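Working notes, beginning with the structure itself.
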Protein chains: 2
Amino acid sequence: MSKEDKREAILQATLELVAEHGFHDAPCSLIAERGGVAAGTIYRYFENKDMLINTLFLELEAKINAAVLDGYSEQAPFRERFLHLIGGLLNFFITSPLEFKYIEQFHNSPYGVAFRSDRIFGQAEDCGIYCELFKQGTAQQVIKDLPLAVLFDLAFGPISSVARSHILGFIQLDDKLITQIVEACWDSLKR
Amino acid sequence: MSKEDKREAILQATLELVAEHGFHDAPCSLIAERGGVAAGTIYRYFENKDMLINTLFLELEAKINAAVLDGYSEQAPFRERFLHLIGGLLNFFITSPLEFKYIEQFHNSPYGVAFRSDRIFGQAEDCGIYCELFKQGTAQQVIKDLPLAVLFDLAFGPISSVARSHILGFIQLDDKLITQIVEACWDSLKR
DNA sequence: CTGTAATGAATGACCGTTCATTCATAAGCC
DNA sequence: GGCTTATGAATGAACGGTCATTCATTACAG
């Protein structure tokens, strides 16, 4: 196995174990075992477990951005762009349950809170695709006049909630249902 | 300290520690210390830590129901009842940050998943205030024709999301903003 | 042969839980 | 009331287990 492969194997093992069992019950010993490496090898690629966990989150985030921007047109009408990006996110979540579960675990943990805090209070510029979208919608007065963070919550709250319900098997999402849900999100944001 | 006081002190200490530090980093040793009892005493009142955690959740749930039903009228128009119950929930959350954080932690953990699963697949009748509300709304055709679980997600997803943002200090909710948010939720559910 | 990568047993810290012991109070007796 | 005995709630040191991390040793590539 090459050097890059080992790093990837460790990240993949972490993704799987954290998604399946949570941060606790994803001990380094198991991560190493599933990754096909020795426990000590993890520390050749990552400073410590915290770094491993944060690195994996950043890589997943980049993966989402790439997936969601596929087929996206900056020139399309606002509503269409909203539906594309939000629907794309929901689609990514339900077709990548491991990634979704990991991100949820991360979000709902001291790791994620510190991370979000840094982001919100850190800088104002270049806040990501979705931030850009909502800023435009506010400027064009096509969505409600609410603080940016509230717009985020109104859009992402339901999306992650239905994704969780789908992945846990409480509901069975199909294309029609996804469309209805994303449009319901739009209804709550549109002016 | 009386017997009931001790039980209460243990529950309160658990609430505070789990809310502040999460389930990990809320060890029995700390719970005992903050509750003003010895570690072993916990096991006189609760079978084990799991039972303590589940019991606390059930008590918080009852507390929420009581708070939310205050001033509620079964006879009011549907929209008004929706706004009362959902707004009441959001109000409870932001005025009881410890309780909110605990419930979030619980929800996003193996405890909560097992719990929800039991509830959803368990019985159909007596599913709680909110379930009753959504069933009525569907029957009266005042809200969208979506699976019950999706309605839950569309309503509670944004609410818990904004509550978290408020409690973490990312936004500052006031009465006006709360009204706007709850009405935005209504917009996403109304037919 | 030399230097780097990989190993996995060992380490120390901390977890939930137990249980022998303590001790304030209650009960029984005169 | 006084004295003795019984009770069981409370205690906290101790236990077995698991964790993240280290490091002396081994394997391997150039």
Side-chain angles (χ1 to χ4, degrees), chain A residues 1-59 101-102 105-106 108-115, chain B residues 1-58 102 105-106 108-115:
Chain A
M1 210 189 307
S2 86
K3 213 169 158 171
E4 210 41 54
D5 285 346
K6 274 206 170 112
R7 202 187 106 98
E8 210 46 54
I10 292 167
L11 286 168
Q12 180 65 27
T14 306
L15 171 65
E16 293 173 15
L17 283 168
V18 171
E20 285 163 17
H21 307 304
F23 280 118
H24 56 295
D25 291 312
C28 292
S29 54
L30 273 189
I31 290 172
E33 192 183 316
R34 179 162 320 197
V37 300
T41 307
I42 292 171
Y43 294 84
R44 296 204 58 78
Y45 294 91
F46 304 96
E47 190 183 326
N48 53 36
K49 200 186 180 185
D50 280 17
M51 277 296 178
L52 166 58
I53 282 164
N54 279 300
T55 301
L56 178 51
F57 176 75
L58 287 173
E59 298 205 356
K101 284 186 189 175
Y102 183 90
Q105 296 271 354
F106 185 87
N108 211 274
S109 77
Y111 297 113
V113 171
F115 195 88
Chain B
M1 209 189 308
S2 86
K3 212 167 159 172
E4 209 41 53
D5 286 346
K6 274 206 170 114
R7 202 187 106 100
E8 211 47 53
I10 292 168
L11 285 168
Q12 181 65 26
T14 306
L15 172 66
E16 292 173 16
L17 283 168
V18 170
E20 285 164 18
H21 307 305
F23 280 117
H24 55 296
D25 291 314
C28 292
S29 54
L30 274 189
I31 290 172
E33 192 183 315
R34 179 163 319 197
V37 300
T41 308
I42 292 171
Y43 295 85
R44 295 205 59 77
Y45 295 91
F46 304 96
E47 190 182 326
N48 52 37
K49 201 186 180 186
D50 279 16
M51 277 295 179
L52 165 60
I53 283 164
N54 279 299
T55 302
L56 178 53
F57 176 75
L58 287 173
Y102 183 90
Q105 296 271 354
F106 185 86
N108 211 274
S109 76
Y111 299 112
V113 171
F115 194 88

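Atom set for the values below is all heavy atoms of this structure, side chains included, hydrogens, waters and symmetry mates excluded. Owing to the predicted nature of the structure, the values given are computational and were not obtained by experimental measurement. So that the names make sense, note that chain A is the first sequence line, chain B the second, and so on, each numbered from 1.
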Polar atom pairs between nucleotides 20-26 of chain D and protein, under 3.5 Å, N or O only, would you list them?
from, atom 1, to, atom 2, distance (Å)
D/dA20, OP1, A/K49, NZ, 2.3
D/dA20, OP2, A/C28, N, 2.6
D/dT21, OP2, A/Y43, OH, 2.7
D/dT21, OP2, A/K49, N, 2.9
D/dT21, O5', A/Y43, OH, 3.4

Once rounded to the nearest 0.5 Å, what's the spacing between atom CD of B/E47 and atom CD1 of B/I42? 14.5 Å

Rounded to the nearest 0.5 Å, how far does OG of B/S109 lie from NE2 of B/H24?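 Atom-to-atom, B/H24:NE2 and B/S109:OG are 11.5 Å apart.
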
Nucleotide [N], atom [atom2] - distance to [atom1] of [X] in whole Å:
| X | N | atom1 | atom2 | result |
| --- | --- | --- | --- | --- |
| B/L17 | C/dG16 | CG | C1' | 15 Å |
| B/I31 | C/dC15 | CD1 | P | 11 Å |
| A/H24 | C/dG16 | NE2 | C1' | 14 Å |
| A/R44 | C/dT7 | CZ | P | 10 Å |
| B/M51 | C/dT17 | CE | C1' | 15 Å |
| B/D25 | C/dC15 | CG | C1' | 11 Å |
| B/I10 | C/dG16 | CD1 | P | 14 Å |
| B/L52 | C/dC15 | CG | C1' | 15 Å |

Does A/L56 reach the side chain of A/F46, with side-chain heavy atoms less than 4.5 Å apart?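 No - every pair of side-chain heavy atoms lies 4.5 Å or more apart.
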
Non-hydrogen side-chain atoms of A/F23 and A/N108 separated by less than 4.5 Å: no

If the plane angle is over 60° it's perpendicular, under 30° parallel, otherwise tilted; pick one for A/F106 and A/Y111. parallel

Verdict with reasoning, A/L17 to A/D25, per side-chain contact (heavy atoms from CB on, under 4.5 Å): CA-CA 8 Å; A/L17 283 168; A/D25 291 312; over 6 Å; no

From D/dA10, C/dG8, C/dA5, pick the nucleotide closest to the side chain of B/K6?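 Within the option list, the nearest is D/dA10.
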
